[in-house]
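Input: a single structure, listed below in structure tokens.
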Amino acid sequence: MLSFRRKVSKSAQDGATKRAKIQKGRTLQKIIIDCDPGIDDAVAIFLALAARDDIEVLGITCVKGNVGLDKTYRNAQRICAAAGRLDIPVLRGIARPILAPADLAASVHGVDGLGDIDLPLPDDFPETKTHAVDFIRQQVEKYPGEVVVCAIGPLTNVAVALLFDPLLGEKLRSIVFMGGAAYCPGNMNDFAEFNFMVDPHAAEIVLQSGAQLVMFGLDVTQQTRIEELHLARLRQNGNVCSDIAERLLTAYAKGDQHLHDPCVVAWLIEPSIFSGTQSRVRIVTEPGPQFGRSMANIDPHGNCLVMTQVDQQRLFSILLSKLAQWP
Ligand code: RIB
Ligand code: CA
């Protein structure tokens, strides 16, 4: 690993933006979070923003998923405002799946998508007119080979960006995503997981894109369980984001005790707590009882690394400690 010798002028230090800063010899991972907040999306975003020594969030792109696009977009703004990060670009994406019916939603996140806890939305949140798909493509052109797309909702935005530029999969560093159920039953029926069932065609486009893919399906996310001791730790943290996370997870755990989306961000922070199997994965897009199913088989030359194990204790330790250090 090259040791970085950093010549930073006084002005650069004073004007230290959050972009491309070399900290303690480590290069920040540049990520775009594509999401459908959603309570577990919110916790994943808080974790990414708290992990300032590991991650630089270039922007948050929103997609229709748990709730409609207007709500996922405003919820992403609410989350950034709560985190004191009005500098993070929040972009509207696509409001419906590519081909699948547009009526699937997830009630576990409440009517507003954030547990109906009335998280405030400042009326001066800076609006960005750029479309999510254009933002993804622009950032990949700006940082060739560096951008990690961290997709934690249906893959509609990511798939359309790949359709616009078939070489995008080679230009970005990787697509790490929460979705699917490779070697286990789904959470919508025996076969399909929510994100993939909302937009199976998008999932198939991403899976066949040739990009470096890491899949956090129910195989691994359902090994996590939110317990009362985790909520108590969040209450003890005594900061705004931990308090909000505790309120959100208390509401969420009534319907789903699994911490799906934060697994993706935790892997970026500490990959060693996960293990997986290189696999060949494709999506059932034909109408029928298996619509949206992720069909997988183990293949060392497969298109996707499928995560299958997580050290749940270390996962929650990373989440709780990062949120405790909230700047
Ligand atoms: O199946 C879990 C996934 O669906 C998570 O991303 C959750 O936020 C919902 O979008
Ligand atoms: Ca989500």
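Here the structure is a predicted model, which means the values were calculated and not measured. One-based numbering, in listed order, for ligands and for the atoms of each.
- The Asn195 neighbourhood of ligand 1 comprises atoms 3 (C), 4 (O), 5 (C), 6 (O), 9 (C), 10 (O), with distances under 4.0 Å to a heavy atom of that residue.
- Other residues, nucleotides and ligands contribute more than 12 heavy atoms inside 6.0 Å of the CZ atom of Arg96.
- Looking at Asn187, its side chain does come within 3.5 Å of a backbone N or O of Phe194 through a donor-acceptor pair.
- Atom numbering of ligand 1 starts at 1 in the shown order; those under 4.0 Å from a heavy atom of Met178 are 2 (C), 3 (C), 5 (C), 6 (O).
- For ligand 1, the polar-atom distance check against Gly153 finds no nitrogen or oxygen pair separated by under 3.5 Å.
- Among protein heavy atoms, atom 9 (C) of ligand 1 sits closest to Asn66 OD1, 3.1 Å.
- Under 4.0 Å from ligand 1, the heavy atoms of Asp36 that appear belong solely to its side chain.
- In this structure, the side chain of Asn157 does not engage the main chain of Ala132 through any donor-acceptor pair within 3.5 Å.
- Here Asp261 contributes OD2 and Asp41 contributes OD2, and at the Ca ion (ligand 2) these two atoms make an angle of 80°, given to 10°.
- Of the listed options His109, Gln222, Glu193, Met188, Glu193 places a heavy atom closest to atom 2 (C) of ligand 1.
- Of all the heavy atoms of Asp40, the ones lying under 4.0 Å from any atom of ligand 1 belong exclusively to the side chain.
- The OD1 atom of Asp36 and the O atom of Ile152 meet at the Ca ion (ligand 2) at an angle of about 90°, given to 10°.
- Residue Asp41 has at least one heavy-atom neighbour below 4.0 Å for each of these atoms of ligand 1: 8 (O).
- The minimum heavy-atom distance linking Thr221 with His258 is given by the pair O-CB, 3.7 Å.
- Checked by atom type and distance alone, the side chain of Glu204 pairs as donor or acceptor with a backbone atom of Ile283 at under 3.5 Å.
- Heavy-atom proximity to atom 5 (C) of ligand 1, evaluated over Val198, Asp261, Thr221, is greatest for Asp261.
- In this structure, Arg78 contributes its side chain and Leu119 its backbone to a donor-acceptor pair below 3.5 Å.
- In this structure, Gln223 contributes its side chain and Asp219 its backbone to a donor-acceptor pair below 3.5 Å.
- Within a 6.0 Å radius of CD in Gln313, no more than 12 heavy atoms belonging to other residues, nucleotides or ligands are found.
- Shown in contact with His260 at under 4.0 Å from a heavy atom are these atoms of ligand 1, numbered in order with element: 2 (C).
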